[in-house]
Number of protein chains: 2
Amino acid sequence: MKVIVIGATGVIGKEVADAISGQHEVVRVSRNSGDFQADITDKASLEKLFSAAAPFDAVVCCAGGGAFGPLTGLTDQDFDFSLSSKLMGQVNVVRTAMPFIRDGGSITLTSGVLSTQPMPGSAAISLVNCGLEGFARAAALELRDRGVRVNVVSPPWVSETLQMMGQDPSGGMPASEVARAYARLVEDASNGQVISP
Amino acid sequence: MKVIVIGATGVIGKEVADAISGQHEVVRVSRNSGDFQADITDKASLEKLFSAAAPFDAVVCCAGGGAFGPLTGLTDQDFDFSLSSKLMGQVNVVRTAMPFIRDGGSITLTSGVLSTQPMPGSAAISLVNCGLEGFARAAALELRDRGVRVNVVSPPWVSETLQMMGQDPSGGMPASEVARAYARLVEDASNGQVISP
């Protein structure tokens, strides 16, 4: 299969690309490097990516950010950023990939543990993660007419990310282990699922 | 208690205002009528509302819309409308009410059955409903420091709405019955809950 990995230089995306590259042709996409450059907040860049890379069988998106901070401190800009990046950025991925992806293909998106396990400071990110999961479950019902599957991986805290944040990495899951959930969703028959590795 | 009902001329909001007006002082708010006018997509109008109505004990929001339609037909404008109205409109209600609501008060928002039971055509609305529920569960963790509760009612299809859509109203729940869930959340100790009447 030809698999497009968006966010392929990120902590998780790099491991996903590595994990599936033995079995599949991988197109690595990031904002500033890789086989193609695209920014999920820029729909035109995604259209350019997908039309240039077509035909392809799967898209994996491990890109997008959100603002973490106390609700009293989150600004309009924090919400705008969170919604346009990790939420609508990934919605854009689905909408723009649809005309180009092969029938029977799959799209795998990324939410996160704060959807089901919110904490003080996660209001914007919990909104984004839950919104994305709701979108994916609904979108899956429409794309199944073409056999195209839509799923979400909801990663726990990732060891490498915790380390970068100066926290104990043993509280997280290594990115290489998280990556296996994406690889499985690319290859199995799941549809409309939210998977917690 | 003094309870502000936003969307008080809507199918559900009218019943909520009626249901609680026997026990509580109700301030009816809608875009063009009622005791106060405000538009949840306009943060300044909410700030004006809450500063004028303060002090108050509870806010109930039954306002906000979303775009229903096949994913291939939903436009950027459809998503923008859905996100700015039912999703960020209600997030705005929480953010702007926070400085004015009495300690020990409550905020009750509205999602809908399409969060947990998506259907073809509901991609934008399922996103909005799930995103709102995720936001509310997280926001509740922060506002509890002041004893302020945040909850969501996720109404099923409402009989009166089905009738307006030319469909069989017997497939829905009467708005007066849905309203009881809001009244209960204003009065009980629930926090961070999503209630399906």
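Per chain, numbering begins at 1; letters A, B, ... match sequence-line order.
- Applying the ring pair (Phe, Tyr, Trp, His ring centres under 6.0 Å) test to A:F50 and every residue at least two apart in sequence or in another chain returns A:F56.
- Most heavy-atom pairs under 4.5 Å with chain A, from the set B:V94, B:L87, B:L132: that is B:L87.
- Remark: A:P99 pairs with no residue by the side-chain contact (heavy atoms from CB on, under 4.5 Å) rule, at least two apart or across chains.
- Contacts between A:L83 and chain B at a heavy-atom distance below 4.5 Å involve the side chain alone, from C-beta outward.
- In this structure, no portion of B:L114 lies under 4.5 Å from any heavy atom of chain A.
- Two different hydrophobic clusters hold A:L141 and A:I107 under the rule that ILVMFWY side chains link at heavy-atom gaps under 4.5 Å.
- Follow the hydrophobic side-chain contacts under 4.5 Å out from A:V113 and you never reach A:V11; the two are in separate clusters.
- At a threshold of 4.5 Å between side-chain heavy atoms, the hydrophobic network of Ile, Leu, Val, Met, Phe, Trp and Tyr places A:F68 and A:L162 in one connected group.
- Across every non-hydrogen atom of B:A139 and A:L71, the tightest pair is CB-CD2, 3.6 Å.
- Looking at residues two or more places apart in sequence or on another chain, you find no ring pair (Phe, Tyr, Trp, His ring centres under 6.0 Å) involving A:F100.
- Proximity to chain B (any heavy atom under 4.5 Å) is shown, for A:I125, by neither the backbone nor the side chain.
- When the side chains of ILVMFWY residues are joined at heavy-atom separations under 4.5 Å, either directly or via intervening members, A:I6 and A:M98 end up in a single hydrophobic cluster.
- A:F79 contributes atom CZ, which lies 5.0 Å from atom CZ of B:F135 (distance to the nearest 0.5 angstrom).
- Ranked by heavy-atom pairs under 4.5 Å with chain A, the first of B:A138, B:A124, B:A136 is B:A138.
- Taking hydrophobic clusters as Ile, Leu, Val, Met, Phe, Trp and Tyr residues chained together by side-chain heavy-atom distances below 4.5 Å, B:V93 does not share a cluster with B:V186.
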Here's a test: name every donor-acceptor pair under 3.5 Å between chain B and chain A, with the distance for each.
from, atom 1, to, atom 2, distance (Å)
B:K43, NZ, A:D76, OD1, 2.8
B:K43, NZ, A:D76, OD2, 3.4
B:L71, N, A:E142, OE1, 2.8
B:L74, O, A:R95, NH2, 3.1
B:D76, OD1, A:K43, NZ, 2.9
B:D76, OD1, A:R95, NH1, 2.9
B:D76, OD1, A:R95, NH2, 3.1
B:D76, OD2, A:K43, NZ, 3.4
B:R95, NH1, A:D76, OD1, 2.9
B:R95, NH2, A:L74, O, 3.1
B:R95, NH2, A:D76, OD1, 3.1
B:G121, N, A:E142, OE2, 2.7
B:E142, OE1, A:L71, N, 2.8
B:E142, OE2, A:G121, N, 2.7

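- Residue contact with chain A, scored on non-hydrogen atoms closer than 4.5 Å, is absent for B:V128.
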